[in-house]
J.: 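The following block contains the structure, expressed as structure tokens.
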Amino acid sequence: MNIVLFGPPGAGKGTQAIKLSGHYNIPHISTGDILRANVRDGTELGREAKVFMDVGKLVPDEVLIGIIKSRLLGPDCSPGFLLDGYPRTIPQADALTGILEEIGKPLDVVLNIDVPDEKLVTRLSGRRMCQCGASFHVEFNSPKQDGICDACGGELYQRDDDKEEAIIQRLEVYSTQTQPLIDYYGKIGIMVTIDGIGDIDDIFADICKALE
Ligand code: ADP
Ligand code: AMP
């Protein structure tokens with residue numbers, strides 16, 4: 001199954017992606033996680049990306065297109081893949097179509113997790129992340145042990161871009177640069193919208209139902 005998980009920052013893409021990746025046995029490809037790993041490792045890509053990420057702006061398209069192209073060629077993607085956080089612009093979506101045509105793996109579905117803006121700010125400001133990609137929330141999805149990841153035992157941290165100023169910028173960027181993709185994929189007829197409000201397990205069940 002070749003899936004794009006779509007939605008605004010804080011919609012719950014990462015939360016659902018980890019569950020889906022385990023359930024369908026396909027790799028979870030989060031461009032945000034790939035960029036953050038590069039920032040942590042101090043690579044040239046990480047240094048370039050950090051400037052944009054810290055202020056809530058998008059990293060340039062050509063950088064992301066290169067990352068996604070080489071990642072989709074990975075042998076673990078042969079049974080399918082789950083993209084999270086890509087595409088975010090029309091040029092990224094066009095590039096994805098071209099790459100997938102080249103490798104003969106068309107998209108099956110774009111799952112749009114729908115959450116209104118007023119809920120997103122609370123979700124993002126209370127988010128706590130682990131380096132393994134798992135995300136928690138101080139109130140809505142707290143870890144069993146305070147500050148410790150349930151999945152790997154790693155220490156949880158607050159992302160630099162989960163501070164108020166960057167959150168506002170990211171929501172603005174979503175509405176101007178990313179939201180137009182709803183029309184783009186709607187016209188092709190492969191977008192399914194899921195209500196992202198409610199219990200995490202219930203949303204997961206809705207997604208699985210939509211996929212089946
Ligand atoms: P995204 O990957 O779309 O940016 P995340 O999966 O990281 O979003 O979720 C953002 C925040 O919202 C996290 O703190 C997460 O624990 C929390 N969250 C995810 N799903 C829900 C939900 N259904 N209800 C309440 N909070 C949620
Ligand atoms: P995320 O983890 O998906 O919230 O992404 C965190 C940040 O990484 C974004 O605010 C952007 O700065 C950058 N980023 C992640 N994915 C992309 C993408 N597809 N295009 C451009 N920038 C991206």
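Indexing begins at 1, ligand by ligand and atom by atom, following the structure's order.
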J.: Heavy atom to atom 14 (O) of ligand 1, shortest distance: which of F6, F204, F136 holds it?
T.: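 Nearest option to atom 14 (O) of ligand 1, by heavy atoms: F136.
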J.: Starting from atom 23 (N) of ligand 1, what is the nearest protein heavy atom, named by residue and atom, and what distance separates them?
T.: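 Sorting protein heavy atoms by distance from atom 23 (N) of ligand 1 puts G198 O, 2.8 Å first.
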J.: May I ask you to identify the nearest protein heavy atom to atom 7 (O) of ligand 1, giving residue, atom name and distance to one decimal place in Å?
T.: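 For this ligand atom, the closest protein heavy atom is R127 NH1, 2.6 Å.
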J.: Is it true that R128 and D162 have a side-chain N and a carboxylate O under 4.0 angstrom from each other?
T.: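 No.
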J.: So L120 and I167, do their side chains get closer than 4.5 Å, heavy atoms only?
T.: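 Side-chain contact under 4.5 Å: no.
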J.: Starting from atom 8 (O) of ligand 1, which protein heavy atom do you reach first, and at what distance in Å?
T.: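 Looking at atom 8 (O) of ligand 1, the protein heavy atom closest to it is G12 N, 3.2 Å.
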J.: For atom 11 (C) of ligand 1, what's the nearest protein heavy-atom neighbour? Residue, atom name and distance, please.
T.: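 In this structure, atom 11 (C) of ligand 1 has R123 O, 3.7 Å as its nearest protein heavy atom.
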J.: Are any non-hydrogen side-chain atoms of V192 and F6 less than 4.5 angstrom apart?
T.: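 V192 does not reach F6 side chain to side chain.
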J.: Among all the protein's non-hydrogen atoms, which is closest to atom 22 (N) of ligand 2, and how far away is it?
T.: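 Its nearest protein heavy-atom neighbour is V59 N, 3.1 Å.
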J.: Indicate, as side chain, backbone, both or neither, the part of K13 found under 4.0 angstrom from ligand 2 when only non-hydrogen atoms are considered.
T.: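 It is neither; nothing of K13 touches ligand 2.
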J.: Please check whether A11 reaches ligand 1 - meaning an N/O of the residue sits under 3.5 Å from an N/O of the ligand, judged on distance alone.
T.: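 Yes, there is a polar N/O contact under 3.5 Å.
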J.: For ligand 2, indicate whether the residue L64 contacts it via side chain, backbone, both or neither (heavy-atom separation under 4.0 Å).
T.: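 L64 to ligand 2: side-chain contact only, backbone stays beyond 4.0 Å.
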J.: Which residue and atom name correspond to the protein heavy atom nearest atom 19 (C) of ligand 1, and how close is it?
T.: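 The protein heavy atom lying closest is T15 OG1, 3.5 Å.
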J.: Could you check whether R127 pairs with D161 (Lys NZ or Arg NE/NH1/NH2 to Asp/Glu carboxylate O, under 4.0 Å)?
T.: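 Here R127 does not pair with D161 in a salt bridge, since their nearest N and O are not under 4.0 Å apart.
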J.: Centres of the H23 and F204 rings: under 6.0 Å?
T.: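 So the answer is yes for these two rings.
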J.: Does a donor on one side chain and an acceptor on the other come within less than 3.5 Å for D114 and T193?
T.: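 No donor-acceptor contact under 3.5 Å links the two side chains.
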J.: Please report which non-hydrogen protein atom sits nearest to atom 6 (C) of ligand 2, along with the residue it belongs to and the distance in Å to one decimal place.
T.: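 The closest one turns out to be R159 NH2, 3.4 Å.
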J.: At less than 4.0 angstrom from any non-hydrogen atom of I203, what atoms of ligand 1 do you find?
T.: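 Going through ligand 1 atom by atom, the ones under 4.0 Å from I203 are 23 (N).
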J.: What protein heavy atom sits nearest atom 11 (C) of ligand 2, and how far off is it?
T.: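 Of every protein heavy atom, K57 O, 3.5 Å lies nearest to atom 11 (C) of ligand 2.
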J.: Is it the case that Y184 and D94 place a side-chain donor and acceptor less than 3.5 Å from each other?
T.: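 Yes, side-chain donor-acceptor contact under 3.5 Å.
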J.: Which of the atoms in ligand 1, numbered in the order shown and given with their element, are less than 4.0 Å from a heavy-atom of H137?
T.: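 Listed by number with element, the hits are 14 (O), 16 (O).
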J.: As an exercise, identify every atom of ligand 1 less than 4.0 angstrom from a heavy atom of G14.
T.: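 So the answer, numbered in order with elements, is 1 (P), 2 (O), 6 (O).
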J.: Are the side chain of K57 and the backbone of R170 linked by a donor-acceptor contact shorter than 3.5 Å?
T.: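 No.
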J.: If you define the side chain from C-beta out and look only at heavy atoms, does anything of P27 sit under 4.5 Å from C77?
T.: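 Heavy-atom side-chain distance check passes, below 4.5 Å.
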J.: Quick check on G7 - does any of its heavy atoms sit under 4.0 Å from an atom of ligand 1?
T.: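 No; G7 lies far enough from ligand 1 that no heavy-atom distance drops under 4.0 Å.
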J.: With sequence neighbours excluded, tell me which residues meet side chain to side chain contact (heavy atoms under 4.5 Å, CB included) with P180.
T.: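 Expected list: I90.
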J.: Of all the non-hydrogen atoms in the protein, which one sits nearest to atom 16 (N) of ligand 2, and at what distance?
T.: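 Among all protein heavy atoms, the one nearest atom 16 (N) of ligand 2 is T31 OG1, 2.8 Å.
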J.: Taking the side chain from Q16 and the backbone from G196, do they hold a donor-acceptor pair closer than 3.5 Å?
T.: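 Side chain of Q16 to backbone of G196: no pair is present.
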J.: Check whether any side-chain heavy atom of M191 lies under 4.5 Å from a side-chain heavy atom of V4, and answer yes or no.
T.: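 No, side chains not in contact.
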J.: Looking only at distance, does K13 have an N or O less than 3.5 Å from an N or O of ligand 1?
T.: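 By distance alone, the answer is yes.
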J.: How does R127 reach ligand 2, if at all, at less than 4.0 Å between non-hydrogen atoms: by side chain, backbone, both, or neither?
T.: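 Looking at R127 and ligand 2, no heavy atom falls under 4.0 Å.
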J.: Given 3.5 Å as the limit, does a donor-acceptor pair link the side chain of K13 with the main chain of I113, or not?
T.: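 No; judged by distance alone, with no hydrogens or angles, the pair does not exist.
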J.: Please state which protein non-hydrogen atom is closest to atom 4 (O) of ligand 1 and give its distance, to 0.1 Å?
T.: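 Scanning the protein heavy atoms, the shortest distance from atom 4 (O) of ligand 1 goes to G10 N, 2.8 Å.
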J.: Considering both backbone and side-chain atoms of G85, is one of its nitrogen or oxygen atoms within less than 3.5 Å of a nitrogen or oxygen in ligand 2?
T.: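 Yes - when backbone and side-chain N and O of G85 are compared with those of ligand 2, one distance drops under 3.5 Å.
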J.: Who's the nearest protein heavy-atom neighbour of atom 14 (N) of ligand 2, and how far?
T.: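 Nearest protein contact, heavy atoms only, for atom 14 (N) of ligand 2 is L35 CD1, 3.5 Å.
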J.: Give the atoms of ligand 1, by number and element, whose distance to some non-hydrogen atom of I200 is under 4.0 Å.
T.: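 By the 4.0 Å cutoff, the relevant atoms are 20 (N), 21 (C), 22 (C), 23 (N).
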J.: Where the closest heavy atom to atom 20 (N) of ligand 2 is concerned, which of Q92, R36, M129 has it?
T.: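 Among Q92, R36, M129, the closest heavy atom to atom 20 (N) of ligand 2 belongs to Q92.
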J.: Nearest non-hydrogen atom to atom 1 (P) of ligand 2 belongs to which of R88, M53, R170?
T.: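 Among R88, M53, R170, the closest heavy atom to atom 1 (P) of ligand 2 belongs to R88.
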J.: What I'd like to find out is whether the side chain of L156 reaches to under 4.5 Å of the side chain of P143, using heavy atoms alone.
T.: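 With C-beta onward as the side chain, the pair touches.
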J.: Considering only NZ, NE, NH1 and NH2 on the basic side and carboxylate oxygens on the acidic side, decide whether R36 and D160 come within less than 4.0 Å.
T.: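 Salt bridge absent between R36 and D160.
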